[in-house]
*Asks:* 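Before anything else, here's the structure in question.
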Amino acid sequence: MKIVILVKQVPEADKVAVDPETGTLIREGVASILNPYCEYALDQAAKLKKDNPELNIEVTAISMGPPQAKIALLRCLELGADKAYLLSDRKFAGSDVWATSTAIKEGIVGLEPNFDLILAGKQAIDGDTAQVPAETAEQLGVPQITYGVDVVINDKRVEVKRETETGYQILSTKMPALVTMSKGSNIRRIPSMQDVLEARKKPLKVVSADDLSIEESKVGLSASPTQVDKIFAPPSKSGGQTIDGSDPKAAARKLFDYLKENKFLRV
Amino acid sequence: MLNVDIETCIGCKICERVCPFAAIIVEPETKKAKVLEGCTLCGTCVGACPVNALSIERKAVSEEEIALYKNVFIWGEWEKKEGKKVIKNVAFELLGKGKELTEKLGESLAVVLPGNDVGHLVPELFHHGADKVYLCEHELLEDYSTDGYTSVIASVIASEKPSIVLYGATPNGRDLAPRIAGRLALGLTADCTGLDINESRQLVQTRPAFGGNIMASILSPYTRPQMSSVRPNVFPKPEADVSKTGVLEEVEVTLKPVSIRTKIIEEIVYHEESINIEEANILVSAGRGIGSKDNLQYIEELAEAVNGTVSGSRPLVDLGWLPHPQQVGQSGKTVAPTLYIALGISGAVQHLVGMTSSDTIVAINKDKEAPIFEVADFGIIGDMFEIIPEFVKIIKEEQAKKAN
């Protein structure tokens with residue numbers, strides 16, 4: 001059985017900011033990491049491998065990005081992927097959701113056409129759009145289940161526990177299918193020394209648009225329906241009063257008075 | 001594409017410093033700017049260049065083709081509450097915003113309403129501003145499914161040619177909208193916090209990126225319809241006008257069971273009251289600062305005293321201390337209660353984007369540097385485990401006084 005994991009390298013999102021005075025971006029000291037939700041997808045693949053030894057699951061990580069995104073793929077190999085491909089080409093530059101999913105679809109068709117299951121993170125923490133996996137599934141013509149928290153393989157079908165607004169659903173669909181993961185351990189796994197050494201022996205290949213015979217007109221900026229018009233700092237909300245709470249009794253009384261004055265209390 | 005006029009470029013590196021995407025550098029050898037992969041044509045460098053050496057070349061638009069697309073469409077998302085189907089608040093919120101957009105465009109506002117036995121929801125959509133409702137009923141649309149809903153809505157869009165389509169960025173909205181965008185090869189801007197029309201009659205879609213640290217305005221200049229999703233509680237719900245009516249068009253739906261490839265095996269709903277944090281008037285919200293699951297009792301006690309609902313930040317949900325429907329923030333829900341009490345929440349941007357539209361924010365935190373104090377209307381630097389019991393005591397005393 002073949003599992004494809006879609007991954008993305010992202011900047012540590014909360015460290016990127018706009019200088020409100022100059023309107024320019026403050027990027028100093030911001031590291032690139034593997035998107036945390038993608039780690040959930042890797043975790044799930046590792047679990048499926050462990051739970052279903054008879055299926056001989058092979059895990060392939062695929063990413064699209066600049067050459068340095070190889071580092072994120074190396075981490076995937078450390079976390080249990082068997083091989084990795086980086087779709088990297090100047091022709092992919094400036095791709096929006098549609099153009100990105102086109103490139104990834106072509107990558108999957110060209111590199112792992114006989115996949116059974118695609119796992120992805122529910123969203124990436126830089127853009128937070130949660131759209132690329134679903135658009136990729138649509139372009140591949142396979143069903144999707146989003147916001148998964150657990151995945152079980154049941155013969156030719158996949159059963160997914162999915163988060164909803166009010167609880168959970170258990171959904172089932174026939175493979176090949178795509179599932180996005182919204183939960184995991186939240187603890188960044190530290191690969192063992194052996195994992196790290198083994199990862200360096202696993203295949204990690206950089207693939208260009210030409211390698212996949214992708215026409216230039218289908219990807220990149222010119223194939224992107226959406227374009228960034230401008231970027232600016234968010235309006236800042238000014239804070240109100242802050243009091244010292246070292247005397248809990250007095251602080252509680254002040255809080256009570258504040259809430260009562262503003263008619264939040266029914267006393 | 002972004003062009004560099006090599007003759008004019010003075011190699012000052014301002015473009016390199018201002019680029020949000022690290023997509024332009026000044027090469028050390030040539031001392032001239034060079035555009036790299038990752039350029040999104042955002043234009044930041046063009047404005048910053050002191051010698052006007054940078055320019056953006058954009059594709060020409062076929063104005064006639066774009067003019068064929070008219071009117072604003074909204075997905076009429078509904079949910080089951082206590083067994084009854086009701087329109088979700090976010091759909092009403094979109095009707096309010098949609099009305100503003102159609103007034104600027106001089107076009108009309110329509111709702112696409114797929115479902116089974118949902119005709120009774122139509123009048124309410126008219127009352128909240130819809131000029132037209134496309135009612136798409138079929139027994140296979142009884143529950144939301146990616147395949148069923150994509151197929152029905154995509155075909156209405158393809159035949160009716162709206163200029164704009166809006167979706168609520170709910171879990172199902174975020175499952176559906178990209179699927180439709182994928183099918184029709186359209187642009188889609190997720191989680192917009194602002195929508196407006198510019199002088200070229202384009203939809204300006206504003207959304208936060210990088211966890212809310214940056215805002216970006218996005219256009220879809222060459223494709224129609226322009227599609228956006230909007231989180232609940234971002235736009236106000238319009239007042240209902242029960243005298244308003246509109247045009248009802250019943251759309252014939254042909255779906256076969258095989259065309260819906262995903263089956264629901266089981267549905268687990270938590271107690272509805274306790275988890276409806278999006279509609280709660282007062283939220284008492286806990287963060288990592290509570291230290292242990294047992295300490296949630298302090299939060300619950302306070303919630304009871306002020307008649308509020310308990311919510312929390314992402315770490316608590318990840319640790320399994322709170323169920324996910326109670327999570328506030330970027331990866332949870334956006335809330336806008338009249339009062340938000342943040343306890344032991346430091347205020348990471350991912351949390352702030354989910355609650356800063358609250359009318360009043362109260363925060364208790366030990367750390368005086370916590371960013372939550374920057375947005376709080378009333379902040380206490382102190383130990384919540386000491387302050388909450390005192391506060392609850394005061395409430396009880398006052399209640400007892402009143403009762404006498």
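Letters A, B, ... mirror the listed sequences (proteins, then strands); counts begin at 1. The shown structure was predicted, so the numbers you read here are calculated from the model rather than taken from an experiment.
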*Asks:* Heavy-atom distance under 4.5 Å to chain B: side chain of A:Y168, backbone, both or neither?
*Replies:* both

*Asks:* Tell me which of these, B:E267, B:R207, B:E266, B:R261, has more heavy-atom pairs under 4.5 Å with chain A than the rest.
*Replies:* B:R261

*Asks:* Under a 4.5 Å heavy-atom cut-off, does chain B meet the side chain of A:L265, its backbone, both or neither?
*Replies:* side chain

*Asks:* So for A:S88, is it side chain, backbone, both, or neither that comes closer than 4.5 Å to the heavy atoms of chain B?
*Replies:* side chain

*Asks:* Which answer fits A:V142, side chain, backbone, both or neither, if we ask what part of it has an atom under 4.5 Å from a heavy atom of chain B?
*Replies:* backbone

*Asks:* So, A:E165 and B:K88, do they make that salt bridge, N to O below 4.0 Å?
*Replies:* yes

*Asks:* How would you list all residue pairs meeting side chain to side chain donor-acceptor pair (under 3.5 Å) that involve residues 378-396 of chain B, not counting sequence neighbours?
*Replies:* none

*Asks:* If the threshold is 4.0 Å, N to carboxylate O, is there a salt bridge linking A:D244 and B:K368?
*Replies:* no

*Asks:* Under a 4.5 Å heavy-atom cut-off, does chain B meet the side chain of A:S246, its backbone, both or neither?
*Replies:* backbone

*Asks:* Does any backbone or side-chain atom of A:N262 lie under 4.5 Å from a heavy atom of chain B? Answer side chain, backbone, both or neither.
*Replies:* neither

*Asks:* Side chain, backbone, both or neither: which part of B:D175 has a non-hydrogen atom closer than 4.5 Å to chain A?
*Replies:* both

*Asks:* Are A:K260 and A:F256 in a cation-pi contact, defined as NZ or CZ under 6.0 Å from the six-membered ring centre and within 45° of the axis?
*Replies:* no

*Asks:* Using the test ring pair (Phe, Tyr, Trp, His ring centres under 6.0 Å), find all partners of A:F92 that sit at least two apart in sequence or belong to another chain.
*Replies:* none

*Asks:* Select one option (side chain, backbone, both, neither) describing which atoms of A:K122 are under 4.5 Å from chain B's heavy atoms.
*Replies:* side chain

*Asks:* Please classify the contact between A:F264 and chain B as side chain, backbone, both or neither, with a heavy-atom cut-off of under 4.5 Å.
*Replies:* both

